[in-house]
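Structure record follows, encoded as C-alpha cells.
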Amino acid sequence: MREEPSQQIDRRAIRVWQLNGVVTTLVFAIITATLYIVKGQYNWPDFVSYITYGLAALTSIYLLVAIFVVPYIKWRRWRYQIYPHEIYVQRGLIIITRTVVPISRVQHVDTEQGPFLRAFKLSTVSVSTAATTHQIPALPVEEAEQLRDDIARLAGVDDDDE
Amino acid sequence: MMNEMRHVHKLTIILYVFQGIKASAWSLIVLLFLGAGSDLNQLLNLPFTSFQLTLIILGVFLLVLIVFSWLRWYRMTYQLVNDSITIKHGVFIRHDRTIHKRRIHSINFTQSIFHQVFNLTEVQIETAGSDLEVDAVLKAIPYQEAVALKEKFLNLTNTHLVEEELPIDGEVEAVDEEQVEEEQPIIKEKKISIYHLLIAGATTGRVGAIFGIVFLLLSEIDNFLSEGDYERVVDWVSAQSIVAYFSLVFLYLLIVIIIGMIGYVNRYGRFSITRESEMLYIERGLIEKKSLSIPVSRIQAVLFKQNLFRMPFSLGAVSVELAGGEKDDKEAMQTVIFPLLRKKEWANFLKELLPEYQEDLSEMNHIPRKSFTFKALRMTIIYFVGLGVVHYFYSELVLVKLGVYLFALLGLYLLHRIPAFRRSGEQLVMQYFQVVMLSKEVAIVKKKDIQALETQGSRLARRLKLGYLNLSIMNNFLGRQFTLGFLSEEQLEEISEWYISGHHD
C-alpha cells in the first residue's frame with residue numbers, strides 16, 4: 001500500500017487533546033456528582049448509588065485513557081502531505097483512514113482556532129470540497145497560514161488549467 | 001420582455017390557507033383537546049360554554065390565517081426583466097430576489113387538483129444554491145405563462161442565447177443557419193406501463209410503513225367500540241379456525257399492499273421521462289401532476305436500487321443524485337428517474353436516455369474471499385465470547401443459539417457477494433448493500449464528480465492487506481459517501497491510482 005504521508009502535526013497537539021479530555025471528564029464528573037447529591041436528598045432506591053459508582057469508575061478510566069493513551073496514538077497517526085495535485089491526510093485511532101483530495105476539488109481553505117489551540121499558538125487548517133471537509137489539526141500558526149495560502153494558490157492554479 | 005409587475009393567481013390565497021392549516025394542525029388539535037376553551041372560561045369568566053369558546057378560537061384562527069394569506073398573496077409580485085426574474089415577497093420583512101437565467105438550474109411544475117381546475121401550475125425555480133430558502137416558488141400562475149417562462153429560461157437556452165446575446169448584425173444570420181441544421185433535437189422518451197407501475201407499487205419499501213400505520217389504527221379500534229362489541233368481536237375471533245386466521249392475515253396484507261399501490265400509482269402514475277439535448281424531463285402523478293426538468297450536467301451519480309422485495313425479481317428503480325437544491329423528493333433526497341426496470345434493461349435505458357453514463361454492467365470485480373474469511377472470523381469470535389457470557393447464566397436452548405450463529409454466517413456470506421466495482425475510463429461502477437434502506441444498489445460515478453477518496457482499515461485489516469474504500473460526491477445539501485469493503489490492497493491501489501491520475505495532466 002501507499003506510503004503514509006510524510007508531515008507530522010505539532011507535538012503540542014497532545015497537550016490540546018489532553019486538555020479537551022480533561023474538560024469532557026469534568027462534564028462527566030459534574031453529572032455523576034449531581035446524581036450522587038440528588039440521590040442523597042431524595043432517598044432514591046439503592047441501585048442508583050451503584051449507577052453513580054459505575055459512572056465514577058468509568059469517568060476515572062476515561063480520564064486515564066484520554067490523558068495517557070489516546071492523544072499519543074492520535075498524534076502518531078496524524079500525518080499529512082501536500083502534493084502539487086493532491087492533499088493526502090492520514091488519521092485514526094484504531095481504524096486508520098487515509099484521504100486523498102485532488103487540489104482541483106478544493107473549494108476553500110480555512111484556518112481555525114479554539115481557545116486551547118490559541119493558548120498553544122496553534123491553528124487547524126480545514127479544506128472544504130463541494131461535499132466534504134478535511135482537517136489538518138494543530139499546526140503552528142505561521143505554518144498553518146502558510147499551508148492555507150499554499151493550498152489556495154495551488155487550487156487557483158489548478159482551476160486555471162481547466 | 002413582458003415585464004410589468006404581476007401578482008400570482010388568487011388561488012394562492014387558498015393554498016396558503018391550506019398550508020397554514022396543515023402546518024398548525026397538530027398545535028390546533030392539542031389546543032382544542034387540552035380544553036383551552038374551559039381554561040379560558042375559568043380565567044376570564046366569559047359567558048360562553050367551552051364548546052362555543054373552542055369554536056370562537058377556531059374562527060379567530062381561521063380569520064387571522066385568511067387575512068395573513070391574503071396579505072402574503074398581495075405582497076408577492078414577480079416581474080420578468082430581460083434575462084432575469086425578480087420576485088418580491090414578505091409581509092413583515094420584504095424580500096426582493098432577482099435570479100438571472102444563467103443561475104437557474106431547473107424549473108419544476110407541480111399541479112394539484114386545484115391548479116388543474118383553473119389551468120394553473122406551481123412553479124419552482126431552482127438555482128445552484130443549496131439554501132432551502134433561496135429557491136423561488138411561484139405558488140400559482142397560468143399554465144401557458146409557466147411554460148413560456150420555462151422555455152425562456154431553460155430548455156431553449158441555446159437558441160435564445162444565440163438570438164439575444166449576439167445582436168451583431170453580420171453574425172446573426174450565420175448562426176441562424178447553424179441553428180436550422182441543429183433544429184431537430186433527438187428526443188427520446190420512455191414511459192412506464194400500468195402493469196409495471198402496479199408491480200412497483202406492490203414492492204415499495206413503504207409497504208412496511210403503511211403496515212405499521214394500519215396496525216396502529218387497528219389497535220386503536222377497541223377505543224371506539226363499546227365494551228360489549230369489543231368482547232363479542234374477541235369471542236368471535238377466538239372461535240375461528242386456523243384457516244380463518246390465515247385468510248384474515250392474508251386479507252389484511254392484501255389491503256395494506258393495495259393501499260401502498262394506490263399511493264404509489266398516484267405518485268408515479270403517467271410517468272414519462274424524456275431526453276432532449278442536455279435536459280431530462282420527467283412528468284408524473286395522477287392527481288397531483290409534477291413535471292421536473294433535470295440538466296444532465298447536474299447529475300453526480302446514477303443509481304439502480306433494488307429493495308428486498310424487488311431483489312428476487314431482479315427489478316429495481318433508477319434514480320440520480322443531483323447537485324443543487326432539489327428539495328421536493330423526500331425519498332432519501334434522490335430523484336427517481338424511472339420507477340421500475342428489470343436489471344438487464346438498465347444498460348439499455350442508460351444508452352438511450354443517459355448515454356453519458358453508458359456502461360457495460362456485466363463484468364464486475366468482486367471483493368476478495370479473505371474479506372469474508374476475516375469478517376466471519378471476527379463475527380465468530382465476538383459471537384462466541386458473547387455467547388459464553390450468556391451461556392454462563394442461561395445454559396438452555398443451545399441449538400437455538402447455534403442456529404442464530406449459522407443464520408448470521410449465512411447472512412454475512414450473502415452480503416459478502418454483493419460488493420463489487422468496475423472501473424472503465426472516466427467512470428466507476430460500484431455495487432453495494434445499503435444497510436439503512438436494506439437495498440442493493442449499483443452506482444455509476446464519474447471521476448470528475450468524486451470529491452475525495454478515502455481508504456480505511458484497522459491495523460489488523462491493513463496487515464491482512466484489506467481496507468474499506470469511501471468515495472464522496474456532492475448531492476443536494478450534504479455530501480454523500482459510497483462505501484465498498486473490504487477490498488484487497490491491489491484493488492484499493494488500482495482505484496486510488498485511477499482517481500489520482502488525470503489530475504497530473
Side-chain angles (χ1 to χ4, degrees), chain A residues 1-6 69-70 72-110 125-136 151 153-162, chain B residues 128-130 298 300-301 321-324 445-483 485-505:
Chain A
M1 198 164 284
R2 202 171 161 186
E3 294 281 297
E4 60 178 5
S6 59
V69 186
V70 172
Y72 291 92
I73 301 180
K74 244 167 105 176
W75 177 77
R76 204 148 18 112
R77 290 271 184 276
W78 257 112
R79 278 163 181 277
Y80 71 96
Q81 192 166 358
I82 313 294
Y83 292 93
H85 295 278
E86 75 219 44
I87 301 167
Y88 185 31
V89 183
Q90 170 183 288
R91 66 171 194 280
L93 197 63
I94 297 167
I95 291 165
I96 304 160
T97 306
R98 288 178 182 172
T99 310
V100 179
V101 184
I103 298 255
S104 59
R105 303 287 190 278
V106 174
Q107 300 246 317
H108 58 266
V109 202
D110 301 324
V125 177
S126 75
V127 179
S128 304
T129 69
T132 52
T133 303
H134 310 273
Q135 295 191 321
I136 304 170
I151 295 174
R153 189 171 42 77
L154 285 171
V157 171
D158 246 38
D159 275 357
D160 291 345
D161 284 352
E162 283 173 359
Chain B
S130 51
R298 253 178 72 202
Q300 305 289 307
E321 294 276 3
L322 296 175
V445 185
K446 290 202 178 295
K447 188 200 274 183
K448 69 175 173 57
D449 293 326
I450 301 173
Q451 303 292 330
L453 176 145
E454 274 178 2
T455 59
Q456 213 168 43
S458 60
R459 291 193 74 162
L460 185 60
R462 253 165 220 274
R463 200 159 299 160
L464 292 167
K465 299 188 189 299
L466 292 170
Y468 276 102
L469 179 79
N470 298 328
L471 294 178
S472 302
I473 61 161
M474 187 178 12
N475 76 353
N476 310 1
F477 307 113
L478 307 156
R480 142 135 215 210
Q481 211 174 46
F482 297 103
T483 301
F486 285 114
L487 297 183
S488 72
E489 192 172 289
E490 297 83 54
Q491 291 173 331
L492 287 174
E493 209 138 314
E494 180 192 335
I495 296 175
S496 304
E497 280 301 316
W498 166 79
Y499 181 52
I500 297 166
S501 70
H503 302 300
H504 290 293
D505 299 342

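Chain letters run A, B, ... following the sequence lines, proteins first and then strands; every chain starts at 1.
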Would you give the length of the straight line joining atom [atom1] of [X] to atom [atom2] of [Y], rounded to the nearest 0.5 angstrom?
X: H134(A); Y: E454(B); atom1: NE2; atom2: CD; answer: 6.5 Å
X: L453(B); Y: T132(A); atom1: CG; atom2: OG1; answer: 11.0 Å
X: R462(B); Y: I95(A); atom1: CZ; atom2: CD1; answer: 10.5 Å

- Task: Run the numbers on R105(A) and M474(B) for side-chain contact (heavy atoms from CB on, under 4.5 Å), then give the verdict.
- Result: CA-CA 11 Å; R105(A) 303 287 190 278; M474(B) 187 178 12; over 6 Å; no
- Item | Stepwise side-chain contact (heavy atoms from CB on, under 4.5 Å) test for I500(B) and H85(A) | CA-CA 8 Å; I500(B) 297 166; H85(A) 295 278; over 6 Å; no
- When the 4.5 angstrom heavy-atom criterion is applied to L460(B) and chain A, the contacting part is neither
- At their closest point, which heavy atom of I473(B) faces which heavy atom of A131(A), and how far apart are they? O-CB, 3.1 Å
